[in-house]
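In what follows, every heavy atom counts, from backbone to side chain, and hydrogens, waters and symmetry copies are set aside.
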Protein chains: 2
Amino acid sequence: MTETKIRNMEEFAALSGISRPTLSKYFHDPESVRASTRARIEQALEVYDYRPNIFAMNQNRKLTKNVGIVVPYLADPFFAEIARNMEQRCFDAGFRPTLYSSHGQQHLENDILDSLRSLKPAGVLLAPLGRASDKNVIEKFCADVPTVLFDSNIEDIGEAFVGSDNFSFVSQTVEYLTRSGEPPCFFEMRTPANPNANKRRIAYLAMMEKLGFEPHVLKIDGEGWGFEEIGRQGALRILETNGFPTNTVLCSNDRLAIGLLSACYEKGLRVGRSEGSALRVASHDDHPFARFTCPSLTTAAHDYNSVSNCAFSTLSKLMEAGGRFSSRVETLFAARLVLRASA
Amino acid sequence: MTETKIRNMEEFAALSGISRPTLSKYFHDPESVRASTRARIEQALEVYDYRPNIFAMNQNRKLTKNVGIVVPYLADPFFAEIARNMEQRCFDAGFRPTLYSSHGQQHLENDILDSLRSLKPAGVLLAPLGRASDKNVIEKFCADVPTVLFDSNIEDIGEAFVGSDNFSFVSQTVEYLTRSGEPPCFFEMRTPANPNANKRRIAYLAMMEKLGFEPHVLKIDGEGWGFEEIGRQGALRILETNGFPTNTVLCSNDRLAIGLLSACYEKGLRVGRSEGSALRVASHDDHPFARFTCPSLTTAAHDYNSVSNCAFSTLSKLMEAGGRFSSRVETLFAARLVLRASA
DNA sequence: AATCTATTTTTACGCGCGAAAAATTTTTAT
DNA sequence: ATAAAAATTTTTCGCGCGTAAAAATAGATT
């Protein structure tokens with residue numbers, strides 16, 4: 001590494017003995033130049049430590065190497081974990097990922113998409129807010145920028161969707177719970193933030209009917225993305241009035257279950273599948289904290305890696321295909337049942 | 001809003017009847033043009049919906065409006081929450097925040113700083129990994145880019161530090177615990193990830209000495225940022241061998257406490273300040289999940305808002321001051337004791 | 001109304017790189 | 001060895017905006 005500070009590609013071209021346009025090609029895609037030239041460039045690169053100006057590159061290139069990753073609520077470790085995977089995948093593939101969180105608010109989601117647009121991203125991985133999303137805004141965005149939706153589907157918007165097969169989640173939990181004890185009631189928000197919740201309720205109802213049991217859906221009130229607190233308040237209200245209709249509760253998602261478990265603990269209600277427990281609780285998602293709840297939470301787990309890998313590779317294909325698929329692609333991943341102490 | 005698509009500032013100048021250099025000034029700082037001109041521009045802006053090309057701007061400006069926010073581990077909702085606050089503050093002040101997480105890994109932290117540098121950011125808010133940080137890399141970065149450190153201090157590096165007064169945290173918890181029951185032992189990692197842990201241990205020892213009690217420090221093994229699991233395993237080992245030396249445990253941080261509580265629950269050990277509890281547990285940070293543990297966690301709370309506000313306003317001053325302070329500024333915030341059920 | 005000052009306009013150049021076309025070299029195939 | 005194909009170099013232009021300097025204009029001052 002010499003001390004020569006290189007100002008631009010012109011200088012680096014002069015010093016390395018390679019023409020500037022060839023260097024430009026190399027930086028755009030190292031594979032696009034002959035192996036021998038590539039070797040010479042990389043050799044020179046070690047000597048001179050030059051890096052192209054990212055703003056000048058992005059200004060002039062029709063397509064940048066930027067990839068936007070947008071999640072609805074980053075304070076949820078579930079999304080943090082998914083985002084981490086996706087970031088890594090983007091980076092490994094030579095893209096520049098940038099992470100955004102809508103923090104549960106429509107105006108932020110809109111702002112993010114707006115500012116993302118001006119970054120001319122090669123592609124975007126977007127987990128919409130869901131119910132709170134401004135569908136028109138998202139649709140317009142997807143029309144302009146190659147976008148793969150994940151986690152929360154919006155019908156016919158975006159070129160592809162990668163998410164979870166909610167029926168697989170619910171059927172496994174319901175099947176297990178009914179087989180090992182009383183059939184569960186279903187614990188959810190009255191106005192859920194995203195469409196997965198609706199699909200899970202429908203799957204619950206279908207499974208219960210199929211198995212010949214009476215379904216019970218408990219809808220609790222609450223707005224926003226503080227699911228734990230909503231679950232807690234909802235459970236407290238139930239425990240202070242009629243109690244749960246069965247001794248087994250299936251929560252729509254783990255964050256609600258975390259709140260519910262804290263309510264049960266406070267009320268002295270023993271939860272678990274062991275002898276002497278008053279209630280069994282199970283849920284869906286395998287939230288990073290599910291193994292640390294008291295008791296640890298039986299849940300249907302996402303395959304975090306598969307979801308993020310698939311979302312990125314779908315986006316990758318989409319970008320290669322010039323931003324359009326002939327038809328919208330939906331990929332759903334099945335759940336893996338994780339048995340812990342709560343049910 | 002007309003349908004005319006404007007390609008560049010030149011066109012917008014022609015259509016709005018304002019010269020391009022004046023527009024350039026306006027976009028750099030709206031206050032820098034005469035009020036009447038500003039009004040004309042903003043009026044035209046509503047008609048034509050033009051936005052300057054961000055890459056061209058950043059390429060030519062000496063200083064961009066980019067601000068980097070770097071946290072060590074985004075899957076920790078504590079950092080997610082801090083980052084959310086900071087993002088908002090940046091945005092409100094007309095900057096473009098970009099969020100990065102080192103995910104607990106040195107090479108990622110280095111990569112982030114490296115790629116951040118090429119974004120020519122006006123300033124950076126950096127919470128270093130701590131022990132795992134490559135101090136030389138961070139020092140060099142801070143020499144080039146106006147940087148305010150937060151959460152985790154590194155001596156003499158960066159122009160300023162904003163964090164918490166660990167003594168305030170620990171003195172409050174120790175004082176409360178000793179006043180209301182047995183003096184606590186201190187539960188921490190043998191090789192903590194960041195310097196706050198060391199300061200907390202020292203504060204614990206000082207407080208215990210001052211109050212005339214025998215200190216007990218329990219050091220548990222484990223590497224990485226999965227604190228809950230480390231806390232859990234450490235607690236299980238203790239419970240399976242000698243047990244805790246006192247009936248009161250003070251954890252270095254809430255994430256360890258979450259793991260510890262799950263271990264206690266599994267072992268059937270009743271935790272709380274109520275009658276019939278075998279153990280009291282308290283901690284520090286007021287992690288977003290601390291209110292949902294079983295029992296809910298007594299802890300010393302950060303003032304999230306103050307920390308993020310102060311960090312940003314410090315950075316703001318730093319940027320206005322041209323990137324250098326005459327002397328390094330450290331701002332520490334006191335804790336607020338939050339009494340819940342665990343102690 | 002004349003003068004002064006702050007602001008805007010005009011003009012011109014530069015930033016660092018992408019991209020296209022034509023000329024040249026190297027590689028591969030025959 | 002030679003022709004054809006592929007890769008590279010040269011040349012030239014353009015992107016959208018920042019910025020500097022000089023000229024023109026608006027507003028404020030007396």
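- Here the side chain of B:T314 pairs a donor or acceptor atom with the backbone of B:C310 at under 3.5 angstrom.
- The side-chain hydrogen bond (donor to acceptor under 3.5 Å, both in side chains) check on A:Y50 picks up nothing, with sequence neighbours excluded.
- Rounded to the nearest 0.5 Å, atoms CG (A:L113) and CG (A:L126) are 6.0 Å apart.
- Rounding to whole angstrom units, CD1 of residue B:I41 and P of C:dT7 are separated by 13 Å.
- Rounded to whole Å, atom C1' of C:dG14 lies 15 Å from atom CD of A:E11.
- No side-chain donor-acceptor contact under 3.5 Å links A:R131 to the backbone of A:P195.
- A salt bridge between A:R51 and B:D114 is present, with a side-chain N of the basic residue lying under 4.0 Å from a carboxylate O of the acidic one.
- At C:dA19, none of the side-chain N or O atoms of A:S24 fall inside 4.0 Å of OP1 or OP2 (strictly under the cut-off).
- First and last contacts of DNA chain D with chain A, using any nucleotide atom under 4.0 Å from a protein heavy atom and ordered 5' to 3', fall at D:dA7 to D:dG16.
- Just one of A:R38, A:E31, A:R40, A:E42 meets the side-chain hydrogen bond (donor to acceptor under 3.5 Å, both in side chains) condition when paired with A:Y26; it is A:E42.
- Atom CZ of A:F325 is surrounded by more than 12 heavy atoms from other residues, nucleotides or ligands within 6.0 Å.
- In this structure, A:Y50 reaches the sugar-phosphate backbone alone: every heavy-atom distance under 4.0 Å involves primed, P, OP1 or OP2 atoms, never a base.
- No contact: B:Y26 has no heavy atom under 4.0 Å from any strand.
- Of the residues in residues 51-67 of chain A, those lying under 4.0 Å from DNA chain C by heavy-atom distance are A:P52, A:N53, A:A56, A:M57, A:Q59, A:N60, A:R61, A:K62.
- Looking only at distances, a side-chain donor or acceptor of B:N85 sits under 3.5 Å from a matching main-chain atom of B:E81.
- Within 4.0 Å of B:S36, counting heavy atoms only, lies no atom of the nucleic acid at all.
- Take B:D134 and apply the side chain to side chain contact (heavy atoms under 4.5 Å, CB included) test, not counting sequence neighbours, and it matches B:Q106, B:N110, B:N136, B:V137.
- Between the side chain of A:R20 and the base of C:dG16, no donor-acceptor pair under 3.5 Å is found.
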(request) Verify side-chain contact (heavy atoms from CB on, under 4.5 Å) between B:L116 and B:V145, making sure each step is shown before the conclusion. (result) CA-CA 9 Å; B:L116 209 40; B:V145 181; over 6 Å; no
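- Contacts between residues 27-34 of chain A and DNA chain D, defined by a heavy-atom separation below 4.0 Å, involve A:S32, A:V33, A:R34, listed by number.
- OP1 or OP2 of C:dT10 has not a single side-chain nitrogen or oxygen of B:S19 nearer than 4.0 Å.
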Which side-chain N or O atoms in residues 63-73 of chain A pair as donor and acceptor under 3.5 Å with protein atoms at least two apart or in another chain?
{"residue": "A:T64", "atom": "OG1", "partner": "A:N66", "partner atom": "N", "Å": "3.1"}
{"residue": "A:T64", "atom": "OG1", "partner": "A:N66", "partner atom": "ND2", "Å": "3.4"}
{"residue": "A:T64", "atom": "OG1", "partner": "A:K120", "partner atom": "O", "Å": "2.7"}
{"residue": "A:N66", "atom": "ND2", "partner": "A:L119", "partner atom": "O", "Å": "3.2"}

